[in-house]
Amino acid sequence: MSNLDLSEQELIRRNSLQKLREMGIDPYPANEFKINTSTKQILEQYDPETNNFQDVTMAGRLMNQRIMGKASFAELQDESGKIQLYVNRDEICPGEDKSLYNDVFKKLLDIGDIIGITGYVFITQMGETSVHVKTMTLLSKSLRPLPVVKEKDGALFDAFTDPEQRYRQRYLDLIVNPQVREVFVKRTRIINNMREFFNEKGYLEVETPILQPIPGGAAARPFITHHNALNIPLYLRIANELYLKRLIVGGFEGVYEFAKDFRNEGMDRTHNPEFTVMEIYVAYKDYNWMMEMTEEMIERIALALHGTTEVTVGDKVIDFKRPFKRITMTDSIKEFTGIDILGKDEAELRAACKEIGVEVDETMGKGKIIDEIFGEKCEGHYIQPTFILDYPVEMSPLCKKHRDNPDLTERFELMVNGKELCNAYSELNDPIDQLGRFQDQLKLSEKGDNEAMFIDMDFVRSLEYGMPPTSGMGIGIDRLAMLMTNSSSIQDVLLFPQMKPEKRTEEDSAEMFEALGIPTVWVEVLRKMNYRKITQLKEVKASKLFNDLCGFNKKNQLGLPNPSMDEVTKWLN
RNA sequence: GACUCCGUAGCUCAGCUGGUAGAGCAGUUGACUCUUAAUCAACGGGUCGAGGGUUCGAGCCCCUCCGGGGUCACCA
């Protein structure tokens, strides 16, 4: 990037950088800077009676400077928060040379610079706990101005709120919006809590392939890629279910994985193309057992994060206290539509849909139709955590048939705030049944359902060796994080949500300009004058361009030797 | 994918019926030894998202495109 592309403030900062170097100050020193405390520790533990913290060393970002002649206040922000600094000229410059204060601190340091300080803690006349600075070291110079967010009594002024900039430049969001950092700390605590919960029970955390030759375990459109050496297509996983169950076949009795899954589908407030799912499989258990474990786990997370089971989400309060409500899908549909789906065939269900105004199309099988009715008429009603049980067999090809009714499966989903959060089964371990269900999926696929599952013959083979009765559960970590942090968009719980790439304004390359015989320095000048493309250049008269160039050179004090009129004419021919 | 709103200085935003681009903060220079959205004075800072059109004249009106938000649709 040429200097001509920089804003005034960036130029000033680069200039300061140069001056610091001339003064013998390395703006990016290599050595370790050993801190002995943090802002949070001081603010929580400083006691004027005992006068502790009399020899502190800390580091962070300079966020504000209030200069009053020979004394100044500033703010230092580290990971744990902000603390006020008091800087006195004659104390950081005890000798004759006052340049560290007058030049470096007052002029050459900027908001956003990373500094280290030593000093002692005291309380100002206004009653604010502060650090009296004795020495100050520049640790890293910041060349771009930060968004300036001011705060008074908890109210923010000029907050950095543009979602596009916040997501694209998350580092800025994290620097100036401390509440954002809190969301991601909570997200990690959710995951840590879950991991501890499973490890306490002796389950094994495992890793399974993300690149899969057959994208199984769910119905979704995968991303496809290609492996050169094997010369085969590979898919980014849409689920890890089939691999985890192979591990149960292999003899592990409890396995789980925090998995990044990828689905090549639409993006909105609750969908990102890559997302995190925790799946767990435990041998010799059924879905009743899994329901209890799920509610225990979620209650524990709510308590760990909020100290209570009640969590505010938007304008609602959701109570994660055990036990959660339970209702079968059949009863739920009966309750909200009056229709009894039990024993109805596909044609009857289609007729029922017409009656209650649920749209269905030709490609949908019985399972999808029922799913459509539930999604349309029931799902949204479940704000408080509710287990929906016993889904129709057609929509659950990996789930064991219900012990009391072969039309149903032993499956539950946990609904919270009108959305699916968990999905769990008594896993299907009858290999012959499993193959049959896969073949049914194939028929759906032929009918036009582009989400029907692929057949994974190795998975069927593994079941043929025998898988113990097993219950499995998957939970969407992003959606759980949204609930637990009261975030209305998935982008707010992903550090780097997927965005369309930024596009630079179209311009011809420097080489193309230089090919016309234009010296490199003048190419930069032309760009600054908004001649981005050769075609633009060809449209102006040589005399005008000549005048403009010389004028620009003079006005901006570039100090370049002006080109001659002849030279300019040659460029344009 | 449809509809809708938005894109103006480093940040947050004004900009009337089309008539020479504004404010606060940030920045620069100066004043100031306990301030805290520090204060006071002066000054600088803009391809108005991009391209085209209408017009004597476009930040504003029209079209296309780019990026983003929201709503809906799709989505195990």
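Per chain, numbering begins at 1; letters A, B, ... match sequence-line order.
Spacing between B:A23 and B:G15 at atom P, rounded to whole Å, works out to 15 Å. Nucleotides B:G44 and B:G57 are separated by 31 Å at their P atoms, to the nearest Å.
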Annotated protein contacts, base or backbone, on nucleotides 1-7 of chain B with a non-hydrogen cut-off under 4.0 Å, one of B, S, - each:
-------
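Ion pairing of A:Asp440 with A:Arg437 is absent here, as no side-chain N (NZ or NE/NH1/NH2) approaches a carboxylate O to less than 4.0 Å. Ion pairing between a basic and an acidic side chain is recognised when a charged N comes within 4.0 Å of a carboxylate O; A:Lys443 and A:Glu394 show no such pairing. Using a 4.0 Å cut-off between charged side-chain N and carboxylate O, A:Arg170 and A:Asp173 make a salt bridge. A salt bridge does not link A:Asp433 to A:Lys400: none of the charged side-chain nitrogens sits closer than 4.0 Å to a carboxylate oxygen. Using a 4.0 Å cut-off between a side-chain N of Lys or Arg and a carboxylate O of Asp or Glu, A:Asp103 and A:Lys19 do not qualify as a salt bridge. Salt bridge present: A:Lys260 and A:Glu274 bring a charged side-chain N and a carboxylate O closer than 4.0 Å. Comment: A:Lys141 engages A:Asp110 in a salt bridge, judged by a side-chain N to carboxylate O separation of less than 4.0 angstrom. The pair A:Arg411-A:Glu413 meets the salt-bridge criterion, with a side-chain N (NZ, NE, NH1 or NH2) lying under 4.0 Å from an Asp/Glu carboxylate O. A salt bridge between A:Glu346 and A:Arg350 is present, with a side-chain N of the basic residue lying under 4.0 Å from a carboxylate O of the acidic one.
With sequence neighbours excluded, the residues forming a ring pair (Phe, Tyr, Trp, His ring centres under 6.0 Å) with A:Phe324 are A:Phe387, listed by chain and number. Residues passing the salt bridge (Lys or Arg N to Asp or Glu O under 4.0 Å) test with A:Arg61: none are found, sequence neighbours excluded. Not counting sequence neighbours, the partners of A:Gln439 by the side chain to side chain contact (heavy atoms under 4.5 Å, CB included) test are A:Leu435, A:Ile455. With sequence neighbours excluded, the residues satisfying salt bridge (Lys or Arg N to Asp or Glu O under 4.0 Å) with A:Arg326 are A:Glu295. By the salt bridge (Lys or Arg N to Asp or Glu O under 4.0 Å) test, A:Glu376 pairs with no residue at all, sequence neighbours left out.
Near RNA chain B, defined here as any heavy-atom distance below 4.0 Å, there are no residues from residues 90-103 of chain A.
To the nearest angstrom, P of B:U33 lies 9 Å from CZ of A:Arg89. Following rounding to the nearest Å, A:Asp113 (CG) and B:A26 (C1') show an atom-to-atom distance of 14 Å.
Between the side chain of A:Asn177 and the backbone N or O of A:Gln179 there is no donor-acceptor pair closer than 3.5 Å.
Using a 4.0 Å heavy-atom criterion, one finds that A:Pro273 contacts no nucleic acid atom at all. A:Gln84 comes within 4.0 angstrom of a nucleotide base, judged by non-hydrogen atoms across all strands. Looking at heavy-atom distances under 4.0 Å, A:Lys70 makes contact with a base. Nucleic acid contact for A:Asn423: none, since no nucleic acid atom lies under 4.0 Å from a heavy atom of the residue. Residue A:Phe122 is classed as a base contact, given a heavy-atom separation below 4.0 Å to a base. Residue contacts for A:Arg168: at a heavy-atom cut-off of 4.0 Å it reaches the sugar-phosphate backbone alone, with no base atom in range.
The residue from A:Thr135, A:Val87, A:Leu76, A:Leu62 that alone fulfils the side-chain contact (heavy atoms from CB on, under 4.5 Å) condition with A:Ile117 is A:Leu76.
The strand RNA chain B forms stems, runs of 3 or more Watson-Crick or G-U wobble pairs with distances below 3.5 Å, at B:1-7 with B:66-72, B:10-13 with B:22-25, B:27-31 with B:39-43, B:49-53 with B:61-65.
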Below 3.5 Å is the cut-off: list the nitrogen or oxygen pairs between protein and nucleotides 8-14 of chain B, distance only.
unit_1	atom_1	unit_2	atom_2	d
B:G10	N7	A:Gln9	NE2	3.3
B:C11	OP1	A:Gln165	OE1	3.3

Atom pairs under 3.5 Å, N or O on each side, protein against nucleotides 69-72 of chain B: can you list them with distances?
unit_1	atom_1	unit_2	atom_2	d
B:G69	OP1	A:Gln491	OE1	2.8
B:G69	OP1	A:Gln491	NE2	3.2
B:U71	OP1	A:Arg269	NH1	3.2
B:U71	OP2	A:Arg269	NH1	2.6

Every protein N/O within reach of nucleotides 38-43 of chain B N/O, cut-off under 3.5 Å:
unit_1	atom_1	unit_2	atom_2	d
B:A38	OP1	A:Lys150	NZ	2.3
B:A38	OP2	A:Asn64	ND2	3.0
B:A38	OP2	A:Arg66	NH1	3.3
B:A38	N6	A:Ile67	O	2.5

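Pairs of residues two or more places apart, or lying in two chains, that qualify as salt bridge (charged side-chain N to carboxylate O under 4.0 Å, His left out) and include a residue from residues 414-427 of chain A are A:Lys245-A:Glu427.
Positionally, the nearest nucleotide of RNA chain B for A:Arg13 lies more toward the 5' end than for the other of A:Arg13 and A:Tyr425.
Set against B:C34, B:A76, B:U35, the side chain of A:Gln441 has B:A76 as its closest nucleotide. Nearest to the side-chain atoms of A:Asn88 among the listed nucleotides B:C34, B:U33, B:A76 stands B:U33.
No side-chain heavy atom of A:Met473 sits under 4.5 Å from any side-chain heavy atom of A:Asn423.
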